[in-house]
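Here the structure comes first, spelled out in structure tokens, and everything after it is commentary.
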Protein chains: 2
Amino acid sequence: MRDAVTPEARAGGPGSGRGGLDAERIIAAAVRFIDEHGLRMLTMQRLGAYLGVEGMALYRYVPGREALLDGVVEAVVDELFNDPEVHLEAHAGWVDYLQRLGHGLRRIALTHPEVFPLVATRPTAAPWVRPPLRSLRWIESLLQVMTDAGFSDENAAAVYRTFSSFLLGYLLLEVAGRGVETGPVEEPDVMPTEDLSGYPLLQRLEPHLSLDFAAQDFDEALEALLDRVALLLPRRRRPHRLTADE
Amino acid sequence: MRDAVTPEARAGGPGSGRGGLDAERIIAAAVRFIDEHGLRMLTMQRLGAYLGVEGMALYRYVPGREALLDGVVEAVVDELFNDPEVHLEAHAGWVDYLQRLGHGLRRIALTHPEVFPLVATRPTAAPWVRPPLRSLRWIESLLQVMTDAGFSDENAAAVYRTFSSFLLGYLLLEVAGRGVETGPVEEPDVMPTEDLSGYPLLQRLEPHLSLDFAAQDFDEALEALLDRVALLLPRRRRPHRLTADE
DNA sequence: ACCTGAACACCGTTCAAGT
DNA sequence: ACCTGAACACCGTTCAAGT
């Protein structure tokens, strides 16, 4: 629904184009605001100020705070459509497809770590829509690819469920590890490195527990999941792995 | 820290024992309040009323709302210590141990579906503490069991990470599916069964997408995870599966 | 047409005052 | 010793009023 972008000169503030509010612009500003200041700082009045306006002005374009957050989630998830690494059409088999999709969602999580908990935990439109893949278009696309690849309806659905919970758990932890308060919380008030006396193994293994095994873990775990999924395939239709030709 | 339970006659209100507040009782009431009314209804004043007192009275025992929520998370997670199905000591090998632990956490999630999102997303005491297994005692115990079973330090830590993200993703989705608003949200305002025209596969597969494959999925996925973990073991030390002796 | 001031009901939190 | 009233700063939200 691409509407003519009004004036938008008058650079200046972070609202970037003070000339004319509209829902889309407000939501985009909310995303940036959360990226910069964290979810718990987002207030109607502060978002208004961020856009050079009083908070109440936003209500002309957005039904309320909850709807705004829904819009934020939708906007962030929709970035997947503009990710050049993730083509809905041009994929080399379902393994390649799921890998691209998984990495695309991971990129979103890492680009908007403060928004991702919202993507993960906001109620979905229907009970069978599971975060973080919460766009009907993408769910349909995934089911399409899987059934085309020879998976039964049941198995295609099971893959969607498994894939969702894998991404949700993995990315939420990865993002939480990067110093994100995933709830509405105060300053972390950094615990003075917890007293680990009485926990000898925690002391010894602490270096191994720190995140930053993240990228590697992710690929391995995704690989394992895909291997397991491959076993669901009825015949000898093993996926043509990452051979770039079609 | 079992302190003499004061009067507590005067039954009546849901506060159950109006005779004397204290942090423990307030936290327990908060857990019950969230179970009954949902997280988004929990307010200092409403919790006060629930306990037969004005909201401000709580501040004598609890530093503030955030600390209260931390207490809620801790209390719920600590239920694991009283779960007769989960014995820290009496386990028949690491597979049995991880299965009991996983099911114990699932039971917690299903007992307190409205609290679990808090368990899942609240910032942890240290960056290497990963929800939902966020008790130092349990993490230590898990690492102990795994290293005792012959896993290297690196692998024991990797198992903790993998296990955590599996449980987090799986249980958060399961709980979200059971009509829980996992965020601070208004009435779900049940979408009038979304328009699925244009999404033929979603229409066709919708029955397969509904949750309630939950329990089965969980066991299967946990099994798969444990099989994968078993491959990390150096020698022929395959776990003695569920033989109840010793 | 679009924004603002003032107002309302509700938060979390503090503290002097009551009992 | 323990709770409450009143107050403060801040929410989300509505609406009559300004421009």
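The figures that follow rest on heavy atoms only: side chains count, while hydrogens, waters and symmetry mates do not. Naming convention: chains lettered A, B, ... in sequence-line order (proteins, then strands); numbering from 1 in each chain.
Atom CZ in R25(A) sits roughly 13 Å away from atom P in dC2(C) (whole-Å rounding). Across the protein-nucleic acid pair, L21(B) atom CG and dA1(D) atom P stand 16 Å apart, rounded to whole Å. In this structure, R65(A) atom CZ and dC11(C) atom P are separated by 15 Å, rounded to whole Å. Taking atom CG of L47(B) as the reference point, atom P of dT13(C) lies 12 Å away to the nearest angstrom. For L68(A) and dC11(D), the CG to P distance is 15 Å, given to the nearest whole Å. In this structure, Y59(B) atom OH and dC11(C) atom P are separated by 11 Å, rounded to whole Å. Atom CE in M44(B) sits about 12 Å away from atom C1' in dT14(C), given to the nearest Å. Protein atom CD of Q45(B) is 15 Å distant from nucleotide atom P of dA9(C), rounded to whole Å.
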All N/O contacts under 3.5 Å from nucleotides 4-8 of chain D to the protein, with atom names and distances to one decimal?
| from | atom 1 | to | atom 2 | distance (Å) |
| --- | --- | --- | --- | --- |
| dT4(D) | OP2 | E54(B) | N | 2.7 |

For DNA chain D, just give me the dot-bracket, please: Watson-Crick or G-U, both distances below 3.5 Å, ( ) intra-strand, [ ] crossing earlier pairs, | paired with another strand, . unpaired.
||.|||||...|||||.||
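Looking at residues two or more places apart in sequence or on another chain, you find a side-chain hydrogen bond (donor to acceptor under 3.5 Å, both in side chains) between S141(A) and Y97(A). By the side-chain hydrogen bond (donor to acceptor under 3.5 Å, both in side chains) test, R134(B) pairs with no residue at all, sequence neighbours left out. Take H103(A) and apply the side-chain hydrogen bond (donor to acceptor under 3.5 Å, both in side chains) test, not counting sequence neighbours, and it matches D219(A). R100(A) pairs by the salt bridge (charged side-chain N to carboxylate O under 4.0 Å, His left out) definition with D96(A), not counting sequence neighbours. Residues passing the side-chain hydrogen bond (donor to acceptor under 3.5 Å, both in side chains) test with R60(B), sequence neighbours excluded: none.
Phosphate proximity of dC10(D) to R46(A): absent, as no side-chain N or O sits under 4.0 Å from OP1 or OP2. Residue T43(A) places no side-chain N or O under 4.0 Å from the OP1 or OP2 atom of dC10(D).
Ion pairing between a basic and an acidic side chain is recognised when a charged N comes within 4.0 Å of a carboxylate O; E66(A) and R122(A) show such pairing.
Comparing atom distances between the Y61(A) side chain and each of dC3(C), dC11(C), dG12(C) picks out dC3(C) as nearest.
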List the atom pairs, with distances to 0.1 Å, where a side-chain N or O of residues 42-49 of chain B and a protein N or O form a donor-acceptor pair under 3.5 Å, not counting sequence neighbours.
| from | atom 1 | to | atom 2 | distance (Å) |
| --- | --- | --- | --- | --- |
| R46(B) | NE | M41(B) | O | 2.8 |
| R46(B) | NH2 | M41(B) | O | 3.4 |

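Among residue pairs with one or both ends in residues 71-80 of chain B, those qualifying as side-chain hydrogen bond (donor to acceptor under 3.5 Å, both in side chains) are E79(B)-H112(B); sequence neighbours excluded.
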List the steps and the verdict of ring pair (Phe, Tyr, Trp, His ring centres under 6.0 Å) for F81(B) and W138(B).
CA-CA 9 Å; F81(B) 292 112; W138(B) 277 108; 5.4 Å; yes
